[in-house]
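Not measured: the values here are computed from a predicted model. These numbers come from the heavy atoms of this one structure, side chains and all, not from hydrogens, waters or symmetry mates. Throughout, a chain's letter reflects where its sequence line sits, starting with A, and its residues are numbered from 1.
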Number of protein chains: 2
Amino acid sequence: MTHSTAGGRTRGAKADAAQGKRARLTAAAAQVLHEQGVEKTTLADIARAADVPVGNVYYYFKTKDDLVEAAIGTHGDTLRAVLATLDELPEPRDRLKHLVRGWVDQRDLAARYGCPTGTLASELDKRADGLDEKLAVHLRALVDWVAHQFRAMGHRRDARELAVALVAAYQGISLLTNTFRDPDLMAAEGRRLQRWLDTL
Amino acid sequence: MTHSTAGGRTRGAKADAAQGKRARLTAAAAQVLHEQGVEKTTLADIARAADVPVGNVYYYFKTKDDLVEAAIGTHGDTLRAVLATLDELPEPRDRLKHLVRGWVDQRDLAARYGCPTGTLASELDKRADGLDEKLAVHLRALVDWVAHQFRAMGHRRDARELAVALVAAYQGISLLTNTFRDPDLMAAEGRRLQRWLDTL
DNA sequence: GTCTATACAGTGATAGAC
DNA sequence: GTCTATCACTGTATAGAC
């Protein structure tokens, strides 16, 4: 993560290009790693998707793990942005229902490649490096946010348990939706969760 | 799968050894693939775990995929055995509750390596070969069996939806239990599912 | 800063001795 | 049937030209 050299001299063109390539590599990594999995994805795959020469990747990222870590970072950014939008809704119940709706809206992607965060978490767990913990932080932030909503709905004692259950329901249905290649499974489970939220 | 040559001549010693090694390799594959993941596991890893020389593996399995397929087969065998035991219970509700109990009993394993079937399904999905469908068959068999129990409990219309939800709940909590390395998550969700089953 | 050529390690798979 | 030696290939990473 380079510090923003605000008002730096005329390093404009080159630095912008560098920023552009770095950003492109990060975005490409997030997408390709989701579609192909971490282990099956080569640096050449990511470089090709980002339209950057293979050997040049190492100027921006020292190792493949650094690239994976960057992808994890974008997951965190995306999550934060989603939650910030949901926070604008006045009712905590509506926030949760819109969260579920967002999941259902992505059911086709889940059917093809699974939940971006979930499949990545599953893979990172098998690796020796501590990258899995970096992703766990973001997943934990989601659970915390959901628990906060349940608490605001009056569930003092079991808010966290309900939060875990809701996120788990999504992760589980993502896996089944993916395994059976059937987006309708996600849609049906979404409706069930909506009804469930209405009863709480 | 070799047919059992019942009463064959004195091919005892050699064939038994072969059977023994093949069985050992299959068992080792199922375990190591679960612990390390498919991509990170080398044939050398499996051979070592089975106490078989590396190059000799190819006498029993032509390719690595064949070994993975054998591991998938043991997943199917295990599942069938579990369901057969549960079928001995008279009440369908008790069958489901015992199924959940069995999951909870394995929470330590799930915390370390995730659900054996779920993590494998997630990984196989990223591969080009059609191995993911072979595993999907077994997962579908589980969903079918659960749906059958719900139907026996009087849930004519939404038995399948409930079945998908129950299996998904398990898969999801397995992933969170694994990501957060916290078996208590599985225990709490197990209690919640038990209560839920009691209300249906 | 950008890119090419290449070193180096690891892996699946085969040939062939025993 | 069992095992050793080795091949062919792929992928990460580096050195260094431009």
Query - Nearest to side-chain heavy atoms of T42(B), which nucleotide of dT11(C), dA13(C), dT2(C) - result: dT11(C)
**Report entry** For atom CG of L25(A) and atom C1' of dT2(C), their distance in whole Å
**Finding:** 13 Å
Query raised in the report: Between V54(A) and V54(B), who's closer to the 5' end of DNA chain D by nearest nucleotide?
Result: V54(B)
Query raised in the report: Where the side chain of Y58(A) is defined as all heavy atoms beyond and including C-beta, which of dA13(D), dT4(C), dT2(D) is the nearest nucleotide?
Result: dA13(D)
Requested in this report: Measure from the side-chain N and O atoms of R181(B) to the backbone N and O of N178(B), and report whether any donor-acceptor pair falls under 3.5 Å.
Outcome: yes
Query raised in the report: Ion pair present between K97(B) and D94(B), side-chain N to carboxylate O less than 4.0 angstrom?
Result: no
Query raised in the report: Below 4.0 angstrom from OP1 or OP2 of dG1(C), is there any side-chain N or O of Y60(A)?
Result: no
Query - Atom-pair distance (CZ on R48(B); C1' on dT11(C)), nearest Å - result: 13 Å
Report task. Would you mind reading off the distance between D45(A) atom CG and dT12(D) atom C1', rounded to a whole angstrom? Result -> 13 Å
Query raised in the report: Atom NZ of K62(A) and atom C1' of dA13(D): how far apart are they, to the nearest Å?
Result: 13 Å
Query raised in the report: So, is Y59(A) near the phosphate of dT2(C), with a side-chain N or O under 4.0 Å from OP1 or OP2?
Result: no
Query - Donor-acceptor contact below 3.5 Å, side chain K21(B) vs main chain D51(B) - result: no
Report task. Round to the nearest Å and state the distance from I46(B) atom CD1 to dT11(C) atom P. Result -> 12 Å
**Report entry** Given dC3(D), dT2(C), dA13(C), the nucleotide with the shortest approach to the side chain of K64(B)
**Finding:** dA13(C)
Query - Presence of salt bridge, R160(A) and D144(A), under 4.0 angstrom - result: yes
Query raised in the report: If each of G55(A) and G55(B) is mapped to the nucleotide of DNA chain D with the nearest heavy atom, which maps nearer the 5' terminus, i.e. the 5' end?
Result: G55(B)
Query raised in the report: According to a strict under-4.0 Å criterion, is K40(B) in side-chain N/O contact with OP1 or OP2 of dT11(C)?
Result: no
Query raised in the report: So, D158(B) and R192(A), do they make that salt bridge, N to O below 4.0 Å?
Result: no
Query - Atom-to-atom span, CZ of F61(A) to C1' of dT14(D) - whole angstrom - result: 18 Å
Requested in this report: Using atom CG of N56(B) as one end and atom P of dA17(C) as the other, report the distance to the nearest whole Å.
Outcome: 17 Å
Query raised in the report: Within this structure, what is the CG-to-C1' distance between L43(A) and dC3(C), rounded to whole angstrom?
Result: 15 Å
